[in-house]
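Beneath this line is the structure, given in structure tokens, with notes to follow.
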Number of protein chains: 2
Amino acid sequence: MSQKLFVSAQEVAEKAGVSRSAVSRTFTSGASVSPKTRQKVLDAAEALGYHVNHLARGLMRNESGIVCLIVSEIGTPYRSALLRALTQQLQNSGKIAMLINTDRSDGSVDLALTQAIRYRADASIILSGLPDKSITDLCLKNGQRLVLINRDDDREGPLKINLDDVEAAARIATAFVRAGCRKLAFANSQAGTPSLMAREHGFVAAAKALGMDVMVERFGHTGYESGRVVAQQLLTRKERPDAVFCATDLLACGFMDAARHQFSLSVPDQICVAGFDDIEQASWTSYGLTTFAQPVDMIAREAVSWLVAETEPENHTVRLHADLVWRTSIRGG
Amino acid sequence: MSQKLFVSAQEVAEKAGVSRSAVSRTFTSGASVSPKTRQKVLDAAEALGYHVNHLARGLMRNESGIVCLIVSEIGTPYRSALLRALTQQLQNSGKIAMLINTDRSDGSVDLALTQAIRYRADASIILSGLPDKSITDLCLKNGQRLVLINRDDDREGPLKINLDDVEAAARIATAFVRAGCRKLAFANSQAGTPSLMAREHGFVAAAKALGMDVMVERFGHTGYESGRVVAQQLLTRKERPDAVFCATDLLACGFMDAARHQFSLSVPDQICVAGFDDIEQASWTSYGLTTFAQPVDMIAREAVSWLVAETEPENHTVRLHADLVWRTSIRGG
DNA sequence: GCAGCATTTGCACACGCTTGCAAAAAGCGG
DNA sequence: CCGCTTTTTGCAAGCGTGTGCAAATGCTGC
């Protein structure tokens, strides 16, 4: 193995004819170096191809610059959009993202957080699943910050970013009624995550307040295929719904496709559909889905600005607003 | 700041009544520790919440366990699917993924690779863009391995994974002809990446071999919207094509939507469409797109197994086959 | 040139870990 | 019980960096 090894500050120092501390200070912002030596160091570094070893720096400073993103279903439109926004923001703030995929088993969130601890990540952002209390405590005890996005947990310490799911559900219920719909339904997956359930319960409650019942159907994972299955279940009922609120856009897309191509229903004339997330596909002409936009950029900004704050801010929970994006899957407007 | 600091091997050693080396060896596979002390150490570690500091370990071993993924357009279906597969494989091999988003400017690939070097990543996988020769050399000189996916570069050193784009293009050309199409077109973006151009040139060449010309139209980025615009350009021509091969599925989806809803054309009766990537949406009922499947899992497996190989393998280029997934956007079959 | 001050520089230690080496302990056959 | 071999253990030297401290240097005004 010719493993030439990386060039170290020592070698740069020798080449530049200064002490090792000088080169260290050159690459430490806010350190005291004369412009002359600074230039000598920079030249030598350039010539040798020197790059500060962030592992060693992290070791010394006790601050690695790493932020762990703990995600499942990375391939999904909403998740990947959020991922994009988060990495962007992190990089803007001089942090770097470590990506942990928790698709495998459950409890893998704990495993992921363990990895985060091993690499001394400054913080972790959890986009899916919910870690064990013990692990959470371990993170916090070690000064590692934690962000939970759409997880709706009520423990103290982490920053919790959520949307106004129930209000959104209520808004869409009145929209349905205003469109003349009478037989409401809710399409959900069996994932049972807090935000999905909030939308469901919010919708049912709002409908009840308006004097109507809601047919609820749940199936499988939160994806396109499940939307089709739920359509099967809802549209073969004796009393067919004329408006369906789907817990996510993926479900809604599956639902619409089944409704149109399998049951030959026209959207929105015969049945109104709404979704949640505002994934890119919702805006595609084939769907034109009326839906609620997850403010991914805002979420990312909130999360990262909290992470990098010098002093730990007091407010540990943020509730963001999901805008209603009106397209063509509901009559009127 | 109550920054309790992480618990160190030293503290574990004291609590367990053994030397610091003992605890280190306990967490190093293949080291010599008696079962008795091993257990004492594990108990103490558990009690104190100890986790090996991978920064320090990486520093010593000169092997961080980090692999950098350099990606743009993370939110895109194909990219995020590949990302999912790669993180999965990396974790299976005991590595961890660092994610760098290069959406911002160009030249940011070089910046990304610099970050990779700073964190002493064992390897980098580049899914988009192409780094400077100088940076590439720097990586290789320092024993950092490099993988280029669908970048079609011809420099020595990195592993290059590509698909048989031109063969695929030829296959689809004959499929179009077999379906009775006479006026072929190719829809592309202006990105001009090697794989996109390979598909275009392969298609044009194959058509020529079959005795026909191809109308080529390019526009903007490689996304849904561009597909719509290209449809506009192609379908308003005097001689309207009756078969279109789109460089990616996203373009194809945009194209189909415009063709159907704006030009009231029926797919595949009046116009045949094919794509490339086999993103999830291609299988959605609204599209039923006939397309070529990127073997993302295979790509990930090839990349990672090459990265973790003890001895650097000799074969530095891999050409994988893209299966044709037949759906309903081409007549016959 | 010199006292007085601000700035720069080098030394040396610390960070948490791995690992070669030699000493200590354990096992074993007689 | 002893001499031998094998395993386990502790010591200490690193890995590449940041930083407090004291010495050295540069600068200013007389």
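The sequence lines fix the lettering, A, B, ..., with proteins before strands; numbering per chain opens at 1.
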Worksheet item: Is Glu302(B) paired with Arg319(B) through a side-chain N to carboxylate O contact shorter than 4.0 Å?
Response: no
Practice prompt. Would you mind classifying the nucleic acid contact of Ser24(B) as base, sugar-phosphate or nothing, using non-hydrogen atoms under 4.0 angstrom?
Written response: base
Practice prompt. Flag the pair Phe27(B) / Tyr50(B) as yes when their ring centroid distance falls below 6.0 Å, and as no otherwise.
Written response: yes
Worksheet item: In whole Å, what is the span from the CZ atom of Arg120(A) to the P atom of dT17(D)?
Response: 20 Å
Worksheet item: Just how far, in rounded Å, is C1' of dT17(D) from CD of Glu11(A)?
Response: 14 Å
Worksheet, complete the sentence: Result for 5'-nearest mapping on DNA chain D, choosing between Lys36(A) and Ser8(A), is Ser8(A)
Worksheet item: Once you round it to whole Å, what is the distance between P of dT17(D) and CG of Leu59(B)?
Response: 8 Å
Worksheet item: Which whole-number value in Å describes the distance from Arg25(A) CZ to dT17(D) P?
Response: 15 Å
Discussion item. Please confirm whether the shortest side-chain N or O distance from Ser34(B) to OP1 or OP2 of dT8(D) is below 4.0 Å.
Written reply: no
Worksheet item: Between the side-chain atoms of Ser21(B) and the base atoms of dC11(D), is any donor-acceptor pair under 3.5 Å?
Response: yes
Practice prompt. State whether Arg145(B) and Asp122(B) are salt-bridged, where the test is any N-O pair (Lys NZ or Arg NE/NH1/NH2 against Asp/Glu carboxylate O) under 4.0 Å.
Written response: no
Practice prompt. Provide, to the nearest angstrom, the distance between the CZ atom belonging to Arg57(B) and the P atom belonging to dT17(D).
Written response: 21 Å
Worksheet item: Within the distance-only criterion (no hydrogens, no angle test), does the side chain of Asp103(B) pair as donor or acceptor with the backbone N or O of Glu73(B) below 3.5 angstrom?
Response: yes
Worksheet item: Side chain of Asn53(B): nearest nucleotide among dT8(D), dG18(D), dC17(C)?
Response: dC17(C)
Worksheet item: Under 4.0 Å: is that the gap between some side-chain N or O of Tyr119(B) and OP1 or OP2 of dG16(D)?
Response: no
Worksheet item: Within the structure shown, what part of the strands sits under 4.0 Å from Thr28(A) by heavy-atom distance: base, sugar-phosphate, or nothing?
Response: sugar-phosphate
Practice prompt. Round to the nearest Å and state the distance from Met60(A) atom CE to dG14(D) atom P.
Written response: 20 Å
Response to the item:
Quick note, Ala56(B) side chain, CB onward, closest among dT18(C), dG16(D), dC17(C) is dC17(C)
Discussion item. From CG of Asn142(B) over to P of dG16(D), roughly how many Å is that when rounded to an integer?
Written reply: 12 Å
Worksheet item: Looking only at N and O atoms, is any donor in the side chain of Arg20(A) or the base of dG18(D) less than 3.5 Å from an acceptor on the other one?
Response: yes
Worksheet item: Side-chain donor-acceptor pair under 3.5 Å between Arg155(B) and Thr136(B), yes or no?
Response: yes
Fill in: Value in whole Å for how far the P atom of dA14(C) lies from CD of Glu63(A)
22 Å
Discussion item. Mind checking if Ser32(B) touches a base, just sugar-phosphate, or nothing, with heavy atoms under 4.0 Å?
Written reply: base
Worksheet entry | Phosphate-side-chain proximity, Thr37(A) and dT9(C), N/O vs OP1/OP2 below 4.0 Å | yes
Practice prompt. Could you check whether Phe27(B) gets within reach of a base, just the sugar-phosphate, or nothing at all, counting any heavy atom under 4.0 Å?
Written response: nothing
